[in-house]
Amino acid sequence: MIITFPDGSKREFADGLTGLDIANEISPRLARATLSCSIDGAHTDAFRPIHGDHEIKFFTFDDENGRWAYRHTASHVLAQAVKRLWPETKLAIGPAIENGFYYDFDTPETFSPEDLGKIEAEMAKIEKEDQKVERFELPREEAIAYMDKLGEPYKVELIRDLPEDAIISFYRQGDFVDLCAGPHVKSTGVVKNIKLLNVAGAYWRGSEKNKMLQRIYGTAFEKKADLDAYVTALEEAKKRDHNKLGRELELFTTVDIIGQGLPILLPKGARVIQLLQRFVEDEEQRRGYMLTKTPFMAKRELYKISGHWDHYREGMFIMSDTPDIEDENAEVFALRPMTCPFQFMAYLNRSRSYRDLPLRYNETSTLFRNESSGEMHGLIRLRQFTISEGHLACRPDQVAEEFKGCLDLAKFMIDTLGFTEDVSYRFSKWDENDTDKYIGDKEDWECTQNMMRDILNDLGVPYHEADGEAAFYGPKLDIQIRNVYGKEDTLITIQIDFQLAERFGMQYMDSDGQKKYPVVIHRTSIGCYERTLALLVEKYAGALPTWMAPVQVKILPITDRTADASVEIQKSLEQYGVRVETDLRNEKIGFKIREAQMQKTPYMLVIGDKEVEQGMIAVRSRKDGDLGTMTLADFRAKLLDEIATKAKP
C-alpha cells in the first residue's frame, strides 16, 4: 500500500500494518510518541490495521488530537477503576474535554474527596497492568443485547438513539468494555500522571427531567511537571473564580427559591453594571446610535416571522392560556431571547429612503433564555441577563464600512476593559450538512459568508473558521474569551443578516426609485453585562479598575476625634463624583485597613490627629501600599486623572 505523509512524500508499506507500525519504520522515537493518527483526515486509533492507499498524519501529546486520545483513554481507566471498586455502578458517558476528561456515573455511593484518592490508586494499578486496548464492532441488536447483559441501561439507550446504519463500536481493556467511538491510545500503560479534580452533579443528557448523576472530573499529562503546573494554575484560578470572589466582595448572590441562573446583583455589583451601561450607551450615542426601549415579551406571531419560533423555541420561556401552544385561537406570549424583532418594528415605524441609511439602533436589553441547569455557572451563563444589543440597517454598499465600525467599537470596549490580550476571533459559519437548523438557501449563505470573509481579510482580523456556529439567519464574527478555568465563551458577536429584513418587510426607497431590502448587522458592543462583570472579577482578582470600582475611596479615621474631618473629606470628594465611604466604626486602624484591602478598595485615606492639624491626608493604595501624605487637592487630581483615563490596575 502507498502511504502519503503530510509533507507530500509517499512510501510503500506492507498492507495491513498499523499506524504505529508505520511510525516505527520511520523512527522508533516517533512510534513511542505517537498516541493516535488520522487516515485521510479522519482521527482514528494508531493501533488499527490499515489497508490500501491513504494519507496519514501522526499525533503526539503536543497535538490536540493526541491529547484528546490520551485523555479519552484516561476516562475509560477512570470508569474501569470505579467499576472495580463499586461493581453496581452504571456507566453513562465519559468524553475527553479541553484540559481533561470526565465520566458520569449512576451509583448509590456518594463520592467523597477520600473516594477520589481510592479511585486514583486503582487507576494507578490499571496503568501498571498496561492492558492492551482493543476495538471491536457489533451489529445493532447484538450491541443492545451485549450492553443489556452487562447491566448498562444508559449505554442501551445511547445505542437505540443511533441511526440504523451507524457503526457501533466498543473498546476493551482487560475485563472492562465500553461503548465508544474512540479513538484511544494502544494500552492503559501509556496514560500516566492522572489527577482527579472534583465531583459534581450532572443530569443525564443535560436534562432536568432525567436522573442526576455524579460526574468525576480529571486531567492527565504526559509529563508530571506539566501536571503539577496545571494543578498549581487551577488552585490560583479557584482564588479568582468570580463565583467565589464575587460573593465575598458582595457583588451578587443567588437564592434557591428564586432559581438557578437568576442572580441578585447586590448594591456594589449593580453599581458596576450601571457604570458599564452608562459608559457603553454614551459611547454608542457618540458613534451615531439611537436608543430604543422595547418590551420584554411578545406574541408568538412575532417570533414566527423572525424564525425564532421554529428554530429557537426550546430556548424560550413561553406563556400561554392553554397547554397547546400551537392552538391558533390561544393567546401565546414568549419572553424575548433577542431584541432584533422588536427593533425591526422601530424601523417599520415609517417609510425609509436610501438617504436614511445606515440606521443604527442600540438598546440595553434584558433577555431571557431557557438554559439547561448543567450549562449555568455564576454570572457566566444565565436565564435572565442584560446585553448591549444593536442592529444596523444599511445598503449593500455600506455593509463593509458599518461592519468595520462595529468591530472598531468592540475593540475599543475590549481595550478599555483590558481584555485585548485575552480574546480570539471566530468566523462562525453554517453547517451545510445540517441545513434544517437554518433559514435561506445555500447560494445566499455562501455569498454572505464570502462577503464576511473578504471583510475580515481586508481588516486583517486574525480569525479561525468554525462550521455549525452561525446564527440560524446568518454568519457571524464571535469574539471569544476564556474564563479563569480556560473555558471559552462568546464575549461579543457581530452578525450579517441577509434574510430577516425581507421576512419583516423592511424596505427602503433606493436612488433608482426601486424598493429594496437593507442588510441588517446584529452586534453587541460589550456583550452580556453580567458575563463581562464575571470576567472582570476574574481577570483583576476582584481589584477592578478605579473608574469602575463600586467604592473608589475608603476614609479611615483613626479615632473619634477625626470622624468629623473624615466626613467632610468624603463630602468634598463626592462633589467631584467620587464614590466614597467612611468607616466610622470603633475599630483599630490596622483592622480597618485590612478590611478595606480585602474589599479591593483602590484607595484608603487614613485620617489621624496629625493629618487634621496639618491639613493633609495619609494615602494608601491597594496596589502600592503607603503613598505617604499629600494634600486633598493633590490626591483628588491624581484620582480624577486615573478615573478620566480609565487607567488599568
Quiz item: Looking at Ala334 and Tyr303, what are the two nearest heavy atoms and their distance?
Solution: O-OH, 2.9 Å
Quiz prompt | Minimal non-hydrogen separation, Val537 against Gly246, with atom names | solution = CG1-N, 4.4 Å
Self-check item: Closest contact, heavy atoms only, Gly474 versus Phe498
Solution: CA-CE2, 4.1 Å
Quiz item: How would you list, by chain and number, every residue that makes a ring-ring contact (aromatic ring centres under 6.0 Å, His included) with Trp309, sequence neighbours excluded?
Solution: none
Quiz item: Do the numbers put Arg395 on top of the ring of Tyr354, so that NZ or CZ is under 6.0 Å from the six-membered ring centre and no more than 45° off the axis?
Solution: no
Quiz item: Among side-chain atoms of Thr339 and Glu363, is any donor-acceptor pair under 3.5 angstrom?
Solution: no
Quiz item: Do Phe368 and Phe317 have ring centroids that are under 6.0 Å from one another?
Solution: no
Quiz item: Minimum heavy-atom separation for Met506 to Pro518, with atom names?
Solution: O-CD, 2.9 Å
Exercise. Using a strict 4.0 Å threshold on nitrogen-to-oxygen distance, state whether Asp583 and Lys554 make a salt bridge.
Key: no
Exercise. Scan side-chain atoms only and decide if Gln570 and Thr582 contain a donor-acceptor pair under the 3.5 Å cut-off.
Key: yes
Quiz item: Under 3.5 Å, is there a donor-acceptor pair between the Arg247 and Asn243 side chains?
Solution: yes
Quiz prompt | Met212, CE: over 12 other non-hydrogen atoms inside 6.0 angstrom | solution = yes
Quiz item: Is the closest basic N to carboxylate O distance between Lys610 and Glu613 below 4.0 Å?
Solution: no
Exercise. Taking salt bridge (charged side-chain N to carboxylate O under 4.0 Å, His left out) as the test, write out the residues that go with Lys244, two or more places apart.
Key: Glu248
Quiz item: Side-chain contact, heavy-atom cut-off 4.5 Å: Pro602 with Leu639?
Solution: no
Quiz item: What pairs with Arg287 under side-chain hydrogen bond (donor to acceptor under 3.5 Å, both in side chains), at least two apart in sequence or on another chain?
Solution: Glu283, Asp408
Practice problem: To the nearest 0.5 Å, tell me how far Arg585 CZ sits from Phe591 CZ. | Solution: 5.0 Å
Quiz item: Do Gln597 and Arg594 have side-chain atoms, one donor and one acceptor, less than 3.5 Å apart?
Solution: no
Quiz item: Is any side-chain heavy atom of Leu359 less than 4.5 Å from a side-chain heavy atom of Tyr508?
Solution: no
Exercise. State, with a plain yes or no, whether a side-chain heavy atom of Ile496 is found less than 4.5 Å away from one of Ile455.
Key: yes
Quiz item: Can you tell which of Glu389, Glu284, Glu402 makes a salt bridge (Lys or Arg N to Asp or Glu O under 4.0 Å) with Arg523?
Solution: Glu284
Self-check item: Nearest atoms (heavy-atom pairs only) where Pro557 meets Ile555
Solution: CD-O, 3.4 Å
Quiz item: Side chains of Glu538 and Tyr485: is there a donor and an acceptor less than 3.5 Å apart?
Solution: no
Quiz item: With a cut-off of 6.0 Å (strictly less than), are more than 12 heavy atoms of other residues, nucleotides or ligands near NZ of Lys293?
Solution: yes
Quiz prompt | Of Lys476, Arg426, Arg453, the residue whose pairing with Glu465 passes salt bridge (Lys or Arg N to Asp or Glu O under 4.0 Å) | solution = Arg453
Quiz item: Side chains of Thr629 and Glu611: do they bring a donor and an acceptor to under 3.5 Å?
Solution: no
Quiz prompt | Pro337 vs Leu367 side-chain heavy atoms within contact, under 4.5 Å | solution = no
